[in-house]
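To start, the structure under review is shown below, and the notes come after it.
The figures that follow rest on heavy atoms only: side chains count, while hydrogens, waters and symmetry mates do not.
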Amino acid sequence: MLKSINKYLIILIFIFHCFCPQSIARNINADDINKQDRLEYINMEWWEKFDDELLIKYIISGLNNNYNLKTLHLKINELYQNKNIEISKEFPSFSVGANYLGLKIPRTAIPYQGFRDNAFALPFIVHWEIDLFLKRKNKIDMAYEDFKGAIYEEKGAMIALVSEIAGLYFNIANLDEQINIQKKVIKNKEEKLSRIQKGFNSGVYSKERLNNASKEIEYENIILNDYKKQRLKFLDNLAYLIGETPQSAKDFKFSKITEIEFKDKIPNCVSSDVTIYRPDILKKEAMLKKAKIDVTLARKEFLPNINVFGVLMFSTLTPNFGWNGAVANLLAGATQNIFSGGRRIFNLKQKKYAFERVLNEYYDTDLAALKEINDALYYLKEDEKSYISNIKSLGFEEDNFIRVNNSFRAGTTGAVDVLERENNFLYEKSKVLNSKVQKFADLISLYKAVGGRL
């Protein structure tokens, strides 16, 4: 009996080595992928060209503390283990049981052989589905494409996150300066109202002039309140993105927008090949490969399944709980499903349609990527022109302000004219800062459109 069992084991080992793929060799270390430097994902060198340490600080904080990124990171590990589960199914399963066995043998039909009516059975069971047609390999490859898709999804989320953080940072820095400018404007308007009030009391200015001056102050106060509301909203969003509470946002520090500059050449063209590095394109490619494998797997459903089933059972049916009383069997063969109501045909058609759908989604994503890049380049080019024009206008207004001041000192211009000219200068300065931030926003849009590869 022992020799027979050894033969069965030798046969199983031989079949395993012949047909079982070397799954362990294909097993990629998820930790090696998940521990890649996140700064490389987002092209930190490009963000350093803004030469702002506080901006870098918020970006790193967002990468480390954002809960959405943590969730996506866990999803990667989850899908990696799902791939490992598929790999584990390539190997034979081996189990053991402990069972009570009650047996009643009709003595009139079967002579007494020494079997006991009550016994304890200890069966060892092995089951193995031989992957002769590589069905299991296809399922492993599909799980691997899901795993890669999750990696690209996380990378895309990182790029989107740092872009949003930077956009909020620049807007808040701009609003800080806009609030300061607006306060100066209001102060000048109040001074202007005071002088017009004196002129009205002396009969120099009309009531209409006085009312208009009062309305201007109210209008400027409304603008100031809007700036403060926007700043608070942006602060709360920034705190959320970097994993902080809104209460902690009051301690956030920002550089002056007037001192922030992009220390590199503004790109005026980008190769269309850069789209192949976009995370959304890469994810669509992974899903396309998965859909293609799924079609192949649906075709293989028409092929038989090859299974090996073996049992080695020890029991107390016989007086000795040993090899002499053991029972063993080995069953190996193919099982073919002859009729299933057309399910396999319908499944194959469904997978083909799914593949075509994913293919169209891939084409759409690719075209959308090209459109994004072209739009970002165009807006960046035009807004750069606007920024330069606003700087020139600011220079003209500054010159006008200086001339009015000189006229005031010479006694040929009144104080109200000086205040109005100074406010015009402040308005132009505000426009310059807004156009500067818009240029930064266009740069960020281009950065996102090319998948961070600028």
> Looking only at heavy atoms, what is the nearest atom pair of Trp128 and Phe91, with distance?
Replying inline: CD1-C, 3.9 Å

>> Surrounding NZ of Lys300 (heavy atoms of other residues, nucleotides or ligands, distance under 6.0 Å), is the total greater than 12?
In response: yes

>> More than 12 heavy atoms of other residues, nucleotides or ligands under 6.0 Å from NZ of Lys253: yes or no?
In response: no

> How far apart are the closest heavy atoms of Ile260 and Ala173, and which atoms are they?
Replying inline: CD1-CB, 4.4 Å

> Parallel, tilted or perpendicular: which describes the rings of Phe262 and Trp46, with under 30° parallel and over 60° perpendicular?
Replying inline: tilted

> Does any N or O in the side chain of Glu220 come within less than 3.5 Å of the main-chain N or O of Val185, such that one atom is a donor and the other an acceptor?
Replying inline: no

> Which atoms form the tightest heavy-atom contact between Phe346 and Gly341, and what is the distance?
Replying inline: CE1-O, 3.7 Å

> Where do Glu153 and Lys75 land on the salt bridge (Lys or Arg N to Asp or Glu O under 4.0 Å) test, with the steps shown first?
Replying inline: CA-CA 10 Å; Glu153 183 180 1; Lys75 181 181 178 181; 3.0 Å; yes

> Is the centre of the Tyr447 ring less than 6.0 Å from the centre of the Trp47 ring?
Replying inline: yes

> Is the NZ atom of Lys448 crowded by more than 12 outside heavy atoms at less than 6.0 Å?
Replying inline: no

> Tyr67 ring centre to Lys70 NZ or CZ under 6.0 Å, with the angle to the axis within 45°?
Replying inline: yes

> Is atom CZ of Phe133 surrounded by more than 12 heavy atoms (other residues, nucleotides or ligands) closer than 6.0 Å?
Replying inline: yes

> For Tyr219, does the OH atom have more than 12 heavy-atom neighbours from other residues, nucleotides or ligands under 6.0 Å away?
Replying inline: no

>> Can you confirm whether more than 12 heavy atoms, excluding those of Ile345, are under 6.0 Å from its CD1 atom?
In response: no

>> Using a 6.0 Å cut-off, check whether atom CZ of Phe302 has over 12 heavy atoms from anything other than its own residue.
In response: yes

> Are more than 12 heavy atoms from other residues, nucleotides or ligands located less than 6.0 Å from atom CZ of Phe396?
Replying inline: no

>> Which heavy atom of Asn65 sits nearest to which heavy atom of Ile242, and what is that distance?
In response: CB-O, 3.2 Å

> With ring centroids as reference points, do Phe440 and Phe50 lie under 6.0 angstrom apart?
Replying inline: yes

